[in-house]
Amino acid sequence: MSTISLRLPDSLHAQARALAKADHVSINQLVTTALAEKIAALLTVEYLEARAARGSRAAFDAVLAEVRARGAPPVPGDEIGDERDAPAPVAGGDVPEGDAG
């Protein structure tokens, strides 16, 4: 285990102290958990970007064609309409409200 010295503005320290107390944990545990959550979020973005880079529109279209050939109807909400009907992409890759899984 490592030890670090951390300089915080008084206002941030006071907020951390209050949150830690309300959550019945030490400030050390609060900071450790917050840092772990931030690292996980950043690594998740990198992971998803790497997975997206491996993606292939042609392979996706081939799979869709195979599914369509079987004649199974799409799950409601998964229908594919004219691309002109699709919602515009949102800056930053955010999912429009109501479209999150």
Side-chain angles (χ1 to χ4, degrees):
M1 185 142 327
S2 299
T3 301
I4 64 170
S5 176
L6 182 64
R7 291 187 184 93
L8 295 174
D10 292 339
S11 60
L12 186 57
H13 189 202
Q15 289 177 330
R17 186 181 311 112
L19 287 171
K21 183 177 182 180
D23 207 22
H24 306 289
V25 297
S26 66
I27 292 177
N28 184 71
Q29 184 63 45
L30 179 78
V31 171
T32 300
T33 302
L35 180 59
E37 289 176 7
K38 181 63 175 184
I39 289 171
L42 293 172
L43 292 177
T44 298
V45 169
E46 289 177 11
Y47 170 78
L48 292 175
E49 287 173 347
R51 287 292 305 253
R54 293 191 334 238
S56 162
R57 179 62 189 232
F60 174 75
D61 288 340
V63 169
L64 277 184
E66 185 177 325
V67 170
R68 286 183 184 146
R70 292 181 188 166
V75 174
D78 281 354
E79 302 90 352
I80 296 177
D82 189 329
E83 286 189 20
R84 292 173 288 181
D85 296 334
V90 177
D94 292 337
V95 176
E97 261 185 62
D99 287 355

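Residue numbers start at 1 and run along the sequence shown. Only this structure's heavy atoms are used, side chains among them; waters, hydrogens and symmetry mates stay out.
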How many angstroms lie between atom [atom1] of [X] and atom [atom2] of [Y], to the nearest 0.5 angstrom?
X: Thr44; Y: Ile39; atom1: OG1; atom2: CD1; value: 11.5 Å
X: Lys21; Y: Asp23; atom1: NZ; atom2: CG; value: 13.5 Å
X: Leu8; Y: Gln15; atom1: CG; atom2: CD; value: 10.5 Å
X: Leu12; Y: Arg7; atom1: CG; atom2: CZ; value: 14.5 Å

Shortest non-hydrogen contact from Leu30 toward Ala20:
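Minimum heavy-atom contact is CD2-N, 4.1 Å.
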Give the cluster check for Leu19 versus Val25: same hydrophobic cluster or not, with ILVMFWY residues linked at side-chain heavy-atom distances below 4.5 Å.
yes
Are Leu35 and Leu6 linked, directly or through intermediate hydrophobic residues, by side-chain heavy-atom contacts shorter than 4.5 Å (ILVMFWY only)?
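Looking at the clustering, Leu35 is in a separate group from Leu6.
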Would you find a donor on one side and an acceptor on the other, under 3.5 Å apart, between the side chain of Glu79 and the backbone of Gly77?
yes
For Thr33 and Gln29, does a side-chain donor sit closer than 3.5 Å to a side-chain acceptor?
yes
Side chains of Arg17 and His13: closer than 4.5 Å at any heavy-atom pair?
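Yes, at least one pair of side-chain atoms sits under 4.5 Å.
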Atom CG of Asp61 with >12 non-hydrogen neighbours under 6.0 angstrom
yes
